[in-house]
Amino acid sequence: MEESAYCIEVQTEVKSLEILSGGGKFRIPVNIKNSSSRDLVDAEAIYMSYHVFCVDGGQDEWDQKRYSINVLKGEEKTVVIESTAPEKKGNYIFQLDIVQEGSEWYSQSGVEFPHIAVKVCNDGSALLAELYAQIEEQRQEEGHWKQILCSGEYDFFHPYCKVDPYGRSPLTAVLLFCTKTETAVSVHVPGKTKMACVDAEFSDFTCDHIVPVYGLYPGKTNVVQIKGQDREGNTVENQIEIVTEKLKHGFEDISLIAYAEDEKLLAPGFNFCYSGLEDKGMKMAYDVNGDIRWYFSDISFEIPTNYASSSSVWMSRQLLDEFHAKESLVFELNYMGRIQSVYDLPYGIHHDIQFTSKDTMVILGSRGDVKYDKLIEVDLNTGNIILEIDYKKMLQRTRNVSVVYSNADWIHANSVIEHKEDFIVSGNTQSTIIKHSRSGQIKWMLADPIGYGVYWKRFLLKPVGRKFEYPYNQHAVTVLPDIDGNPDTVDILLFDNGYSRNKCKGWDEKKHPSYSRMVHYQINEKDMTVRQVWEYGKERPELFSRWRGDADLQKNGNIIGAFNVRQEVKIDGKNYAEHCVAVEVNQKKQVLWECYGFSMTGRNSYQNYRIERREIYDDKEHNLNLDQEVKIRIGNASGMAD
C-alpha cells in the first residue's frame with residue numbers, strides 16, 4: 001500500500017485515567033486528522049480501537065471494542081471512545097489504534113498512537129457494575145428533563161408531570177415547567193384528614209421549576225394544588241391531576257388499621273418505617289389513618305433500618321457469603337429515588353447508620369467468621385475508614401446471659417449513637433449498653449451485673465431510685481435532650497425487648513409473663529449511677545416483642561414505639577403468626593394513636609424494625625438540582641460521576 005495511506009494523526013488530551021473500580025465506565029475524546037489517501041469509514045471496515053497492557057503483570061489484551069470514526073480524506077474529526085475498565089485492580093497502559101478488519105492494525109504500519117496511563121483502584125464487582133449503569137440511566141433521564149425545560153412547551157398551568165421519576169418511588173412525581181418571572185412555588189397534596197395532608201413551600205425564586213411531589217395516594221387520581229408567587233407578591237394557582245398505580249411489590253399485602261384519639265394531640269408527619277413482610281425488608285411511610293403514602297418499590301435495597309437524615313433515605317446493597325458481606329454499598333437517595341451519594345463498606349452493615357459531629361458516618365458490621373461486633377467510622381468526604389473498633393477486644397465475649405446467644409453472634413450490636421464525641425452502643429445479645437471513647441476506652445456500662453467479671457464490674461452503673469429494671473435484648477438507643485441542665489447527666493431512650501429477663505432473674509414464665517417496654521434512663525456519668533425516669537409497655541404484656549422494636553421522642557413530648565408480637569405457638573404446624581403494633585403515647589402513658597399492622601398473605605408475618613414520625617418534606621425544600629453530581633466514595637479512592 002502506498003506510503004500516503006498512513007498519513008494519519010491521532011491525538012487526545014487525556015494523558016491518564018483513574019478509575020474507581022474494575023468494570024467502571026470511562027470516556028476518551030480522540031482527535032483524528034486524516035491526511036491519507038483513503039477514507040477511514042465503516043464501508044472500508046476501518047475503525048478506532050485500543051489495546052490494554054498490564055503494567056503490574058498479567059495478560060495483555062490486544063482486541064477491544066470497535067468505534068465508528070468515518071473520517072474522509074482531508075477531514076479532521078473528534079470521536080469519543082466509551083468503554084469499561086479492566087475488572088482487576090492495577091496499573092495499565094491503553095494504546096489507541098486503528099484497525100482495518102481482517103487486514104491490519106495501523107500501529108504495526110508505523111502510525112504513532114497515544115498511550116494513556118490507567119489506574120484501576122479496586123477490583124470490579126457486580127454491585128459496582130449495576131451502580132454505574134443506574135447512574136448513567138439517571139443521568140440520561142435528567143438530561144431529558146433539561147430538554148423539556150429548554151423547550152418552553154410547559155408553563156405553570158400546563159406542567160410536564162412524571163410519576164415515579166426514577167422508577168423506585170411510585171407515590172412521588174416531578175413537575176417541570178417554566179415561568180416568565182422568577183416565582184416561588186408551594187405544593188398541597190390533600191389528605192383524608194387534616195393531618196394526612198402534605199404541604200411544602202419551595203423557597204427559591206426561579207423561572208425553571210423542577211418540583212418534587214411527595215405523599216400521593218396509591219391507585220387514585222390525586223388532585224394536587226400548586227401556588228406560585230413572584231417577588232412582587234403576585235400569585236397564581238393551579239390544580240394538577242396525578243394518577244398513581246395501585247400498591248405492588250408486596251406492599252398491597254400489608255394491612256394497617258389505625259386509631260387516633262384526637263389528631264391535634266399527635267406529633268405531625270408520616271410514620272416512616274422499615275417493614276418486614278415474609279422476610280422481605282421494605283422502606284415505606286404511612287399516615288395517621290394507616291394509608292401508605294410513600295414506599296420504595298426496589299426491594300433490592302436493604303438496611304439501614306433507620307432514617308438518619310431529614311431529607312434523604314439511606315439504603316444498602318450487599319452480596320453475602322452466608323451472613324458475611326463480601327461486598328456492600330451504602331446509598332443516599334432522595335424520596336423520589338434519585339441516587340445522591342454512594343459509599344463502599346467492606347464490613348457490611350447491621351441495622352443502623354448514624355452521622356456524627358465530625359462529618360462522618362458510623363455503622364456496625366462484621367468481619368471474619370464472627371457477626372456484628374465491629375464499629376466502623378467513615379469519612380463522608382473521602383469515603384476512607386478512619387476508625388475500626390473490635391468489641392472482642394473490649395468486652396467479655398463468653399458471657400452468656402441471653403436466650404439467643406451464639407459463639408458467632410455473641411454481642412449482636414444493633415444501634416450506635418454519638419454523645420460528646422464518644423459512642424453509645426447497644427449490644428443485644430449481651431443485654432448491655434456501653435459508652436466508650438473513639439480510642440476504645442469504656443466509660444460506663446448499663447447492664448444486669450450477672451455474669452460479668454471483676455474487670456467489667458467497675459464500669460457498671462449503679463441503679464438508684466425505687467422503680468428500676470435493667471434492659472434485656474434492647475434496641476434503638478437514642479440520646480434525649482438535656483432535661484435537668486446538669487452537665488454530668490445524659491438521658492437515653494430505648495426499646496427494652498425483655499426477652500432474656502426471666503433467664504437472668506431465674507423467673508418462671510408462668511408466674512412472670514414476659515413484657516417489652518419503651519424506657520427512659522438518666523445516667524449520672526460522674527457518680528456512675530442510673531435511674532429509671534419513665535417506661536411504657538410493662539402494663540401491656542400482650543405487646544411483648546422478642547425481637548426488633550423502636551422508641552422515639554417527638555418534638556411535642558409524645559413517644560412513638562413499635563412492638564412486634566409473635567405467637568408463642570406455631571401455626572399450621574410450622575409458621576409463627578406475627579404482627580406489629582405502633583403506638584403513640586404521652587408522658588402520662590395515655591394512648592393517643594395506635595396502628596395494628598398485619599400481613600394479608602397465608603404466611604401471616606408482618607413486623608416493623610423501626611418507626612419514625614417525620615415530615616416527608618424538609619423545612620427548607622428546594623427545586624430538584626439536575627446538575628448535582630453523584631458523589632461516589634469507593635474504598636480509599638474518591639471521584640465524581642458525571
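Computed from a predicted model, the values in this text were never measured in an experiment.
- Aromatic pair Y274/H351: centroids not less than 6.0 angstrom apart.
- Ring to ring, Y391 and H436 are close: their centroids are under 6.0 angstrom apart.
- Checked by atom type, the side-chain pair D359/N381 shows a donor-acceptor distance below 3.5 Å.
- The 12-atom threshold is not exceeded at CD of E137, counting heavy atoms of other residues, nucleotides or ligands nearer than 6.0 Å.
- Ring-centre distance between Y286 and Y295: not below the 6.0 Å cut-off.
- Ring-plane geometry between F270 and F272 is classed as tilted, the angle between the planes lying from 30 to 60 degrees on a 0 to 90 degree scale.
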Step-by-step side-chain hydrogen bond (donor to acceptor under 3.5 Å, both in side chains) determination, Y214 to E615: CA-CA 10 Å; Y214 303 146; E615 302 281 9; over 6 Å; no

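- The existence of a salt bridge linking R501 and D496 is confirmed by a sub-4.0 Å separation between a basic side-chain nitrogen and an acidic carboxylate oxygen.
- Between D627 and K146 there is a salt bridge, with a side-chain nitrogen of the basic residue lying less than 4.0 Å from a carboxylate oxygen of the acidic one.
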Verdict with reasoning, Y372 to I411, per side chain to side chain contact (heavy atoms under 4.5 Å, CB included): CA-CA 7 Å; Y372 317 138; I411 184 172; 5.7 Å; no

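- Annotation for H412 and D409: closest pair ND1-OD2, 2.8 Å, computed over non-hydrogen atoms.
- A donor-acceptor pair is defined here as one N or O able to donate and one able to accept, closer than 3.5 Å; such a pair exists between the side chain of N497 and the backbone of R548.
- Under the 3.5 Å distance criterion, the side-chain polar atoms of S516 are matched with a main-chain donor or acceptor of S545.
- Under 3.5 Å, the side chains of S431 and D448 contain no donor-acceptor pair of N or O atoms.
- Contact record, G167 with S297: O-OG, 3.7 Å, taken as the closest heavy-atom pair.
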Residue pair W456, I442: steps toward the side chain to side chain contact (heavy atoms under 4.5 Å, CB included) verdict: CA-CA 9 Å; W456 291 277; I442 298 174; 4.2 Å; yes

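- Across all their heavy atoms, A267 and N558 have their closest contact at N-ND2, 4.0 Å.
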Ring pair (Phe, Tyr, Trp, His ring centres under 6.0 Å) between F495 and H475, intermediate numbers included: CA-CA 5 Å; F495 187 85; H475 285 81; 7.2 Å; no

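- Taking each heavy atom of N414 and S426 in turn, the nearest pair found is OD1-OG, 2.8 Å.
- Nearest heavy-atom pair across I450 and V401 is O-CG1, 3.7 Å.
- Side-chain contact between Y470 and P449 is present, with at least one heavy-atom pair separated by less than 4.5 Å.
- Using a 3.5 Å distance cut-off with no hydrogens or angles, the side chains of Q138 and Q134 do not pair a donor with an acceptor.
- No side-chain donor-acceptor contact under 3.5 Å links Y347 to the backbone of L364.
- Judged by distance alone, with hydrogens and angles left aside, the side-chain atoms of E612 form no donor-acceptor pair with the main-chain N or O of N306 at under 3.5 Å.
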Candidate pair V118 and F26, rule side chain to side chain contact (heavy atoms under 4.5 Å, CB included), full reasoning: CA-CA 10 Å; V118 178; F26 65 85; over 6 Å; no

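- Residues S500 and N473 have side chains that bring a donor and an acceptor to within less than 3.5 angstrom of each other.
- At a threshold of 4.5 Å between non-hydrogen side-chain atoms, the residues F202 and Y617 count as touching.
- Enclosure of atom CD in Q396 by more than 12 non-hydrogen atoms of other residues, nucleotides or ligands within 6.0 angstrom is indicated.
- Partner of K435 under the salt bridge (charged side-chain N to carboxylate O under 4.0 Å, His left out) criterion, chosen from E418, E421, E525: E525.
- Under the 30°/60° scheme for interplanar angles, the aromatic rings of W294 and F296 are found to be tilted.
- Contact of the Q354 side chain with the T356 side chain is not registered, since no non-hydrogen atoms from C-beta on lie closer than 4.5 Å.
- Salt-bridge annotation for E377 and K358: absent, with no side-chain N of the basic residue lying under 4.0 Å from a carboxylate O of the acidic one.
- Side-chain contact between M315 and D298 is absent, with no heavy-atom pair separated by less than 4.5 Å.
- At distances below 3.5 Å, at least one donor-acceptor pair connects side-chain atoms of Q587 with backbone N or O atoms of G557.
- Side-chain N/O atoms of S275 and N608 include a donor and acceptor closer than 3.5 Å.
- A donor-acceptor distance shorter than 3.5 angstrom exists from the side chain of R397 to the backbone of N407, with no hydrogens or angles considered.
- Within the 4.5 Å cutoff, the side chain of V211 has heavy atoms near those of the N623 side chain.
- When side chains are defined from C-beta on, T432 does not count as touching L395, because their heavy atoms never get closer than 4.5 Å.
- Both the sub-6.0 Å distance and the 45° axial angle are satisfied by R317 relative to the ring of F331.
- A cation-pi arrangement is present between R399 and Y452 under the rule of less than 6.0 angstrom and at most 45 degrees off the ring axis.
- At a threshold of 4.5 Å between non-hydrogen side-chain atoms, the residues L329 and D344 count as touching.
- A donor-acceptor contact shorter than 3.5 Å is absent between the side chain of T305 and the backbone of R610.
- R338 places no side-chain N or O within donor-acceptor distance of the main-chain N or O of L624, the cut-off being under 3.5 Å.
- In plain terms, the two heavy atoms of A85 and V120 that are nearest each other are CB-CG2, 4.1 Å.
- When atom types are taken as modelled, the side chain of Y343 and the backbone of L380 share a donor-acceptor pair closer than 3.5 angstrom.
- D373 places no side-chain N or O within donor-acceptor distance of the main-chain N or O of W410, the cut-off being under 3.5 Å.
- Contact check for Q532 versus R517: side-chain heavy atoms found under the 4.5 Å cut-off.
- Counting non-hydrogen atoms of neighbouring residues, nucleotides and ligands closer than 6.0 angstrom, the NZ atom of K462 reaches no more than 12 such neighbours.
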